[in-house]
Amino acid sequence: TSCQTPGQVALTYSEGPSEATMEMLETLKEAQAKVTFFTNATWLQYMQYAGVTRHAYLDGHLIGMTYRLPSDTSAGHTDNDIKEDIGRASRTIQDLIGVYPKYIKIHESNLKDPRLLNLVKSMGYTLVGFNMDEYDYKYNTAATSPQIAEVFNAMFTKQMDAYGRKASYVVAGYDVPTTGAASGLPKVINTIQAHAYDMVRLDGCTNDKTPYKKDPILNNGYVGDAKSFGAVEYKHGQ
């Protein structure tokens, strides 16, 4: 839910890919900034969205996974059923980018499912939370999306006023067209830069040199790639 180094901000976006993701990739490329996308494998059956995820990976962004249980409950499913379903979603992502995601977010529903969370952890996935919500689902129009940057401004200012030093943040956002994430992103990046915070992927946030799994189901270790934290092509900050 936070980074190891004060002054870092890890922007994360869930539930995509979508048309909004493509717009965000253009903004991020221009700013030379990197984020983490939690891909929902359900959308990858559509060629245009599969292409967006591959584009994001090749651009140097970290790819995690958003997982959603059928009917949003583990009731009526065996442990093996759930593990196989998670594995199928992970394999779908691996088919596109060549590595299995390690960082995972669970699709939000009204109730937490402790059984699902325990299974995910037992499979070796890293559950990701957040300590800052950018409220892009609230500021979801062209007129209101600039307010997303004000969320960052207020958080950074409050932290400095209260403690006289920077904190670190894992930020929750949603790269779907019904939010203001894409249109608000340019001003968000400018605000992060204005406060001299450093934008990082989650592997940079956690100093993790192996941010992908070796296997979609088994808990048998992790791997990195050419763009992972500490590797030659890793891009830190913006």
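As a basis for the values below, the full set of heavy atoms in this structure was taken, side chains included, without hydrogen atoms, waters or symmetry mates.
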Colleague: With distance as the sole test, does Asn131 use its side chain to make a donor-acceptor pair with the main-chain N or O of Val170 at under 3.5 Å?
Modeller: yes
Colleague: Atom NZ of Lys29 and atom NZ of Lys34: how far apart are they, to the nearest 0.5 Å?
Modeller: 9.0 Å
Colleague: For Tyr197 and Tyr169, take the angle between the two ring planes, folded into 0 to 90°, and tell me which bin it lands in: parallel under 30, tilted 30 to 60, perpendicular over 60.
Modeller: tilted
Colleague: Hey, does Ile86 have a side-chain heavy atom less than 4.5 Å from the side chain of Met65?
Modeller: yes
Colleague: Do the side chains of Leu185 and Leu11 get nearer than 4.5 Å, heavy atoms only?
Modeller: yes
Colleague: Do the non-hydrogen side-chain atoms of Ser74 and Leu69 ever get within less than 4.5 Å of each other?
Modeller: yes
Colleague: Please answer whether the main-chain N or O of Ser145 pairs with a side-chain N or O of Lys187 as donor and acceptor at a distance below 3.5 Å.
Modeller: no
Colleague: Nearest 0.5 angstrom please: Tyr174 OH to Phe38 CZ, how far?
Modeller: 11.0 Å
Colleague: In terms of side-chain heavy atoms, does Tyr103 have a donor or acceptor partner in Asp208 at a distance below 3.5 Å?
Modeller: yes
Colleague: Grab the two heavy atoms, one from Lys214 and one from Val223, that are nearest each other, plus how far apart they are.
Modeller: CG-CG1, 3.5 Å
Colleague: If you count every heavy atom of other residues, nucleotides or ligands that lies below 6.0 Å from Arg115 atom CZ, does the total exceed 12?
Modeller: yes
Colleague: Testing Leu25, Thr53, Thr12 one by one against Phe37 for a side-chain contact (heavy atoms from CB on, under 4.5 Å), which residue passes?
Modeller: Leu25
Colleague: If you round to the nearest 0.5 Å, how far is OH of Tyr137 from OG1 of Thr178?
Modeller: 12.0 Å
Colleague: So, Asp113 side chain and Thr73 main chain: donor-acceptor pair closer than 3.5 Å or not?
Modeller: no
Colleague: Considering all heavy atoms of both residues, which atom of Ile63 and which atom of Ala56 are nearest to each other, and what is their separation?
Modeller: CD1-CB, 4.1 Å
Colleague: With side chains defined as the heavy atoms from C-beta onward, is the minimum distance between Ile93 and Leu44 less than 4.5 Å?
Modeller: yes
Colleague: If we ignore hydrogens and angles and just use 3.5 Å, is the side chain of Thr157 paired with the main-chain N or O of Asn153 as donor and acceptor?
Modeller: yes
Colleague: Is there a donor-acceptor contact under 3.5 Å from the side chain of Asp59 to the main chain of His61?
Modeller: no
Colleague: What pair of heavy atoms forms the shortest contact from Thr5 to Ser168, and how long is it?
Modeller: O-CB, 3.5 Å
Colleague: List in chain and number order the residues that pass side-chain hydrogen bond (donor to acceptor under 3.5 Å, both in side chains) with Asp81, two or more places apart in sequence or in another chain; answer none if no residue qualifies.
Modeller: Thr78
Colleague: Applying a strict under-4.5 Å side-chain criterion to I, L, V, M, F, W and Y, I'd like to know whether Leu58 and Tyr100 cluster together.
Modeller: no
Colleague: Between Asp198 and Gly7 (side chain of the first, backbone of the second, donor and acceptor by atom type, cut-off under 3.5 Å), is there such a pair?
Modeller: no
Colleague: The test is side chain to side chain contact (heavy atoms under 4.5 Å, CB included); show your working for Asp133 and Met155 and say whether it passes.
Modeller: CA-CA 10 Å; Asp133 188 337; Met155 182 72 80; over 6 Å; no
Colleague: Tell me, do Asn118 and Lys121 make a side-chain contact under 4.5 Å, heavy atoms counted?
Modeller: yes
Colleague: For the CG atom of Asn140 and the CD1 atom of Ile148, what is their distance to the nearest 0.5 Å?
Modeller: 8.5 Å
Colleague: Run through Met199, Arg201, Met24 and flag the one making a side-chain contact (heavy atoms from CB on, under 4.5 Å) with Val35.
Modeller: Met199
Colleague: First locate atom CG of Leu127, then atom CD1 of Ile104, and finally report the distance between them rounded to the nearest 0.5 Å.
Modeller: 6.5 Å
Colleague: So which of Asn190, Ile189, Val171 actually passes side-chain contact (heavy atoms from CB on, under 4.5 Å) with Phe152?
Modeller: Val171
Colleague: Specify the closest pair of heavy atoms between Cys3 and Val200, including all atoms of both residues, with the distance to one decimal.
Modeller: SG-CG2, 4.4 Å
Colleague: Hey, what do you get for OH (Tyr49) to CE (Met22), rounding to the nearest 0.5 Å?
Modeller: 12.5 Å
Colleague: May I ask you to check whether over 12 heavy atoms, not counting those of Glu30, lie within 6.0 Å of atom CD?
Modeller: no
Colleague: Do Tyr67 and Asp85 touch side chain to side chain, with heavy atoms closer than 4.5 Å?
Modeller: yes
Colleague: Show your reasoning for whether side chain to side chain contact (heavy atoms under 4.5 Å, CB included) applies to Lys83 and Met123.
Modeller: CA-CA 8 Å; Lys83 287 182 177 181; Met123 295 169 70; 3.7 Å; yes
Colleague: Which atom names give the shortest non-hydrogen contact between Phe229 and Gly204, and what distance separates them?
Modeller: CD1-CA, 3.8 Å
Colleague: Please report the closest heavy-atom contact between Glu15 and Trp43, naming both atoms and the distance.
Modeller: O-NE1, 3.2 Å
Colleague: Taking atom types as modelled, is there a side-chain donor on Asp225 or Tyr57 under 3.5 Å from an acceptor on the other?
Modeller: yes
Colleague: For Glu150 and Tyr135, run side chain to side chain contact (heavy atoms under 4.5 Å, CB included): C-alpha distance rounded to whole Å, both residues' side-chain angles, the deciding distance at 0.1 Å, then the answer.
Modeller: CA-CA 10 Å; Glu150 290 306 311; Tyr135 296 111; over 6 Å; no
Colleague: State whether the side chain of Gln159 and the backbone N or O of Arg165 hold a donor-acceptor pair below 3.5 Å, judged by distance alone.
Modeller: yes
Colleague: Please answer whether the main-chain N or O of Pro216 pairs with a side-chain N or O of Tyr125 as donor and acceptor at a distance below 3.5 Å.
Modeller: yes
Colleague: Between the side chains of Thr92 and Asp95, does any donor sit under 3.5 Å from an acceptor?
Modeller: no
Colleague: Closer than 3.5 angstrom, by distance alone: can the side chain of Lys166 be matched with the main-chain N or O of Ala196 as a donor-acceptor pair?
Modeller: yes
Colleague: Could you check whether any side-chain N or O of Arg68 sits under 3.5 Å from a backbone N or O of Thr42, counting only pairs where one atom can act as donor and the other as acceptor?
Modeller: no
Colleague: Side chains of Lys209 and Asp203, heavy atoms from C-beta outward: is any pair under 4.5 Å?
Modeller: no
Colleague: Is any side-chain heavy atom of Thr39 less than 4.5 Å from a side-chain heavy atom of Thr66?
Modeller: no
